[in-house]
Amino acid sequence: MIRLHKPRLRQLRIVALATTGLLVASALVAPASNAQTVPQAAPAPALTNTIPGVDEIVSSPNLRQIANVPKVAPLDATNSDIAFQGRYAFAGNYNGFVIYDISRPSAPTVKARVLCPGSQNDISVHGDLLFLSTDSSRSDDSCNSTAQGADVKESWEGIKIFDIKDKANPRYIKSVETACGSHTHTLVPGKNNKTVYLYVSSYSPRAEFPDCQPPHDSISIVKVPLKKPTDAAVIAAPNLFPDGGFPGSETGSATTGCHDITVYPAKDLAAGACMGDGILLDIKNREAPRVINRVRDEVNFAFWHSATFNNAGTKVIFTDELGGGGAATCNEAVGPNRGADAIYDISGRGNARKMTFRSYYKIPRANADTENCVAHNGSLIPVLGKDIMVQAWYQGGISVWDFTDSANPKEIAFWERGPLSADRPVGGGTWSAYYYNGHIYSNDMVKGLDVLELNDWRTWTAKLTRYQELNVQTQPSYLGW
């Protein structure tokens, strides 16, 4: 039985938008030993809270916004993921990417804007290199390309590589085409410090797509020699579902690839969120990752979207992007278990490791029916002795929650804007919310870059951990006890 937390009234702290200091802007079923039946929770009590007005900002007292940098043309398309290095944040946008100087988190400045259309422009960085994912069929691999159908053999999708040694003037140096494009990619450091790998996730093959033929049960692995990145190439395409992935159902997506993979290099472990399946992989051999356990949730999960380990590597959280990120799912009609996070404990050792479901977590506030809201990208906060993460929920805002007790997760802080419209559905909200060196950075699809400050006694030890580089899907370890 899953213990449900009684929804509470919002602790409102209304912040005027003009606040001083803000810069307003398987066809075959998995083996029985791997498949799991996820228990159904009891119905949740009715949600009782006040939904804020259009663009009104509300939060818990321990989480406050300290800066906003709005989008500007030509990078005024949808904002996407974020990566970090030193004093810089690198923010993806469907039209390219922005490099922010965040040396003063309360006053970020734009170092460079790079126009290079190709959704989603999922982003990662390593040393002097920046990698972008293109998952929209383009006329060619240039930054001047135009949209072109995937049924045209000459169309291009895949990975773009930039030299960012000069942060003010990034240079596009290489492209690598990958099967079915690159919806997301995960940077995996090589064992010899001379190479990085990109695990490229893509999905939705069709018979009429020459470069994306079904079945598509694989990922592409791009090898990047650091001394000569222009030699980057696909070196493997391992089949992760040789017996077939989840065949799909009325409520769940069929597995035709993976949406995202999070790696934990220090533990040679990875977790794949693969549409209808959640998988645990051994990545000791970076060029030949192996699936060692697979789970499904045929009751409540619609689309396995992303994953996050705890620092000990003994738990993994999978998110369900019910409605594809465009639907209003944070309401009483949908309930607490769909469009949520699922927490799994990892037990055993080596190839005997397996994932066991413990509970769901979903924000305890109802959103308006005009707001797209569902579990999305988040990161672990490096708190000593506890498992705490921050997470984006589109227009549901930002939630900080504690899953130290896997069966009883609880929210400890939140921040959100009211709906973009009170009358009709309008897509927006925070795509990614990540903790980096003392602050939370959010790339809002519509409103731009938000910076937040968390002041809570339960998370103060996170300030002791500093990263020189952070790609959230390349999960780092930190000191624990």
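The side-chain heavy atoms of Asn437 and Tyr467, taken from C-beta on, include a pair separated by under 4.5 Å. The closest side-chain heavy-atom distance from Asp260 to Gln473 is below 4.5 Å. Annotation: side chain of Trp415 is not in contact with side chain of Ser442 (no heavy-atom distance under 4.5 Å). The side-chain heavy atoms of Asn311 and Tyr478, taken from C-beta on, include a pair separated by under 4.5 Å. Counting heavy atoms from C-beta outward, Asn68 and Leu449 have side chains that stay 4.5 Å or more apart. Within the 4.5 Å cutoff, the side chain of Pro419 has heavy atoms near those of the Gln395 side chain. With contacts defined as side-chain heavy-atom distances shorter than 4.5 Å, the pair Phe301/Phe246 does not qualify. At a threshold of 4.5 Å between non-hydrogen side-chain atoms, the residues Leu198 and Leu187 count as touching.
In this structure, Tyr436 and Phe84 have parallel ring planes: the angle between them is below the 30° cut-off, well short of the 60° mark. Ring planes of Phe309 and Tyr264: tilted class, angle from 30 to 60°. Ring geometry for His305 versus His376: interplanar angle of 30 to 60°, hence tilted.
Between Tyr394 and the choices Glu371, Glu416, Glu321, the side-chain contact (heavy atoms from CB on, under 4.5 Å) rule is met once, by Glu321. Evaluated for a salt bridge (Lys or Arg N to Asp or Glu O under 4.0 Å) with Asp268, the options Lys191, Arg353, Lys284, Arg290 yield exactly one hit, Lys191.
Distance CG/Leu322 to NZ/Lys362: 7.0 Å, rounded to 0.5 Å.
With sequence neighbours excluded, no residue forms a side chain to side chain contact (heavy atoms under 4.5 Å, CB included) with Ala207.
If you check the side chains of Ser399 and Gln391, you find no donor sitting under 3.5 Å from an acceptor.
Within the structure, no pair that satisfies the disulfide bond (SG atoms under 2.5 Å apart) test touches residues 73-108, not counting sequence neighbours. Within the structure, ring pair (Phe, Tyr, Trp, His ring centres under 6.0 Å) contacts touching residues 89-138 (residues at least two apart or in different chains) are Phe97-Phe162.
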Before giving the answer on side-chain hydrogen bond (donor to acceptor under 3.5 Å, both in side chains), spell out for Asp101 and Ser103 the whole-Å C-alpha distance, their side-chain angles and the decisive distance to 0.1 Å. CA-CA 6 Å; Asp101 185 329; Ser103 52; 2.7 Å; yes
